[in-house]
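This report refers to the structure that appears directly beneath it.
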Amino acid sequence: MAYLVPETEWSGQKHVQVLSKISVLEDIRQKLSNAQKEEFQKSVFGHLLDVKVMNIIPQLLHHLVIRQIRSEKEDELAFNIVGTHYTFSLKEYAATMGLKTKRVVEIKKKNLKKGSLDKYLENILAKINKEEKDPEKHAKSVRKKHVKIAFDSYHGKNDETMLKLAKLHIIENFLLGNQGKIMIKDEHVDILDVHWMFKDYHWGRISFKETIDSFRSATTKQGLNSYPLYGCPIALQIWASEIIAAVNIYVKRIGHLIPRIRNWASNEQPTWKTLQQNVFEEFDNEYYEFIITNDEFIESYMEEFRTPEFIEEEKNKQQKTAQIKPKDSASTTTISTRLLEQIIQENRETKQEVYLLKKLVLEIHNKIFGQEQVPVPATEQAGPSTTLVEEEEVENREEAEKEEQRKEKESTQTIDDSGAMQKNAEAAATVSDITEEKQKQEPKVKN
């Protein structure tokens, strides 16, 4: 496990510029009203307001940078920590940061429109350029440092604008931390006006990509006294706190919550040498695996990382739940259908509409409780009790008999009036018999 940075080049402490600003979270906590914070916490970034005061420890990150080894996968970082091989992948990032990484939506500019936030940012940019006397230094587009200015400068009463600025501040200056002169993407502004797109977008994936690219790039800059780390390196600081027990000397666990970024706080800044002696040269230290729990796998942002074992376990739970049916399922459906039968008896003119409703009740019953025979309680009077199916058969027979009568009428149109009258009388007698027979078959409903 050869290091990407040879040990001979480990020259001690470096000035590491961490461009992701954890102070962004405190900015938002201080700026938003209680009502705005409550609304913000409903968003995909809401849990970040629970992050306690935490210092990013640059020298801890520097130790991780120089301990990188070649990774077998392009989308992960690999480390040799005191002889043990560790990897930091998108899965560890998601569990740490609690952000969606699965590609569900792709931003397409043609689907986005300029909104009120664009106008506000343009006004901020115009004001900044006006204050800059040198025209050559005028900014032509909004940059990351302008987002901070826009957030701090907003004193309007529009809650929606305030919340959008807070989200943009997190995106540009915390998750995608970089130099202030870097231009922001227009689509990151416009997507804030499309709630479902912002909610489902893979913010975690693009932040992770920026972060691991930064770590890889840093290995080529160890001949310098200073180098930057962009993206969101605090994810690796929390990951290291989870797997290296000695790191807990300088950071404090304050909980066992999900996601893990909510569990740590720190206000110390140990030197490179202190960390080397107490953490990375002490072989008696305890080291742990970064194990994802079932409670974490069940979260939506961990969907693409769920193991076959977890999926099978959840499937079995659902099957067991489905097997537990309410004891009164049949009686409930019986009451519903009997009530409908009473409506039919009292409102014969709406019989067809109510009959369709009865069929719908049975379909709903079968979907909820499965295909099963629904018992119908006996009526007060003796005689056969018809179910819905039986009643349908009776109605079908009645319709067939009426059709037969119609055809018989048509075939006898040439018969003289007296013969026609006789036929009509016979037909009427037939209908009377059928009606009497049906009334005997139909159950009487209890009032």
Side-chain angles (χ1 to χ4, degrees), residues 17-29 31-32 40-52 54-56 58 61 75 77 88-107 117 121 142-148 150-151 163-192 194 197-218 228-239 259-262 264 299-302:
Q17 305 168 40
V18 181
L19 300 176
S20 170
K21 305 300 181 185
I22 191 73
S23 59
V24 167
L25 305 182
E26 187 61 24
D27 288 346
I28 294 172
R29 278 192 290 264
K31 180 85 171 180
L32 269 56
F40 184 87
Q41 286 181 317
K42 298 176 184 177
S43 76
V44 293
F45 297 154
H47 62 278
L48 296 176
L49 293 190
D50 295 333
V51 176
K52 302 302 179 184
M54 176 179 283
N55 287 338
I56 295 178
L61 298 175
D75 59 348
L77 298 177
F88 181 82
S89 69
L90 194 59
K91 178 175 69 174
E92 284 76 29
Y93 178 95
T96 298
M97 299 297 293
L99 298 172
K100 289 187 177 182
T101 57
K102 186 176 181 180
R103 285 192 177 96
V104 178
V105 285
E106 294 293 340
I107 296 179
L117 189 58
L121 292 172
V142 178
R143 304 173 188 277
K144 288 181 179 289
K145 63 182 179 181
H146 298 148
V147 173
K148 162 90 170 147
F151 177 82
L163 292 172
K164 288 177 184 177
L165 283 168
K167 293 170 184 175
L168 187 63
H169 197 17
I170 282 181
I171 293 168
E172 298 298 339
N173 295 317
F174 178 58
L175 299 179
L176 304 177
N178 210 319
Q179 296 179 5
K181 65 182 181 180
I182 300 297
M183 292 186 298
I184 70 172
K185 292 184 177 181
D186 291 340
E187 49 264 40
H188 290 174
V189 179
D190 299 336
I191 197 175
L192 293 170
V194 187
M197 191 179 288
F198 167 78
K199 177 176 176 290
D200 291 336
Y201 191 64
H202 45 274
W203 300 110
R205 182 177 287 272
I206 62 173
S207 175
F208 169 77
K209 179 69 165 54
E210 292 271 317
T211 304
I212 65 171
D213 286 351
S214 173
F215 259 65
R216 288 199 178 107
S217 176
L229 287 177
Y230 47 90
C232 193
I234 196 171
L236 280 113
Q237 178 174 311
I238 295 167
W239 171 76
R260 303 193 188 195
I261 190 173
R262 301 164 66 194
W264 299 94
E299 296 293 329
S300 60
Y301 56 80
M302 294 298 292

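Keep in mind that what you see is a predicted model, and the values were worked out from it rather than measured.
Minimum interatomic distance between Ala218 and Leu229 (heavy atoms only, all atoms of both residues): CB-CD2, 4.0 Å. Here the closest non-hydrogen pair linking His47 and Gly98 is CE1-O, 3.2 Å. Here the shortest heavy-atom pairing between Trp264 and Ile238 reads CD1-CG2, 3.6 Å. Closest heavy-atom contact between Arg143 and Gly180: CB-O, 3.4 Å. Nearest heavy-atom pair, Ile171 versus Phe198, reported as atom, atom and distance to 0.1 Å: CD1-CE1, 4.3 Å. The minimum heavy-atom distance linking Ala166 with Phe40 is given by the pair CB-CE1, 3.9 Å.
Using modelled atom types and a 3.5 Å distance limit, the side chains of Ser23 and Glu26 yield no donor-acceptor pair. Between Tyr93 and Ser207, the side chains place a donor N or O and an acceptor N or O closer than 3.5 Å (distance only, hydrogens not considered).
In this structure, the side chains of Lys148 and Val24 stay at 4.5 Å or more apart for every pair of heavy atoms. Between Thr101 and Phe208, the closest side-chain pair of non-hydrogen atoms is not below 4.5 Å. For the pair Ile184 and Lys144, the minimum side-chain heavy-atom distance is below 4.5 Å. A 4.5 Å side-chain heavy-atom check between Val189 and Lys164 finds every atom pair outside the cut-off. Contact check for Leu90 versus Asp75: no side-chain heavy atoms found under the 4.5 Å cut-off. In this structure the side chain of Met97 never reaches within 4.5 angstrom of the side chain of Pro259, judged on heavy atoms. Contact check for Ile191 versus Trp203: side-chain heavy atoms found under the 4.5 Å cut-off. You'll find the side chain of His188 reaches within 4.5 Å of the side chain of Glu172, heavy atoms only.
Each of Leu175, Ile206, Ile261 was compared with Leu99 under the side chain to side chain contact (heavy atoms under 4.5 Å, CB included) criterion, and only Leu175 meets it.
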Practice problem: Check the pair Ser300, Lys100 against side chain to side chain contact (heavy atoms under 4.5 Å, CB included), reporting the backbone distance first and the verdict last. | Solution: CA-CA 8 Å; Ser300 60; Lys100 289 187 177 182; 4.0 Å; yes
Quiz item: How far apart are the C-alpha atoms of Leu48 and Phe174, what are their side-chain angles, what is the distance that settles it, and do they pass the side chain to side chain contact (heavy atoms under 4.5 Å, CB included) test?
Solution: CA-CA 11 Å; Leu48 296 176; Phe174 178 58; 4.3 Å; yes
Practice problem: Please step through side chain to side chain contact (heavy atoms under 4.5 Å, CB included) for the pair Thr211 and Tyr230, ending with a clear verdict. | Solution: CA-CA 6 Å; Thr211 304; Tyr230 47 90; over 6 Å; no
Quiz prompt | Derivation and outcome, side chain to side chain contact (heavy atoms under 4.5 Å, CB included), residues Tyr201 and Val104 | solution = CA-CA 7 Å; Tyr201 191 64; Val104 178; over 6 Å; no
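Separating the CG atom in Leu19 from the SG atom in Cys232 is a distance of 11.5 Å, to the nearest 0.5 Å. Atom CG of Asn173 sits about 11.5 Å away from atom CD1 of Ile182, to the nearest 0.5 Å. Distance check: Leu61 CG to Ile234 CD1 gives 9.0 Å after rounding to the nearest 0.5 Å. With values rounded to the nearest 0.5 angstrom, Leu49 atom CG is found 7.5 Å from Ser43 atom OG. From Leu168, atom CG reaches atom CG of Leu121 across 6.5 Å, with rounding to the nearest 0.5 Å. Annotation: the span from Asp213 atom CG to Leu77 atom CG amounts to 9.0 Å, rounded to 0.5 Å.
With Gln237 contributing its side chain and Asn55 its backbone, the two residues share a donor-acceptor pair below 3.5 Å. Under the 3.5 Å distance criterion, the side-chain polar atoms of Thr96 are matched with a main-chain donor or acceptor of Glu92.
Other residues, nucleotides and ligands contribute at most 12 non-hydrogen atoms within 6.0 Å of the NZ atom of Lys209.
Annotation: side-chain hydrogen bond (donor to acceptor under 3.5 Å, both in side chains) contacts of Lys91 (sequence neighbours excluded): none.
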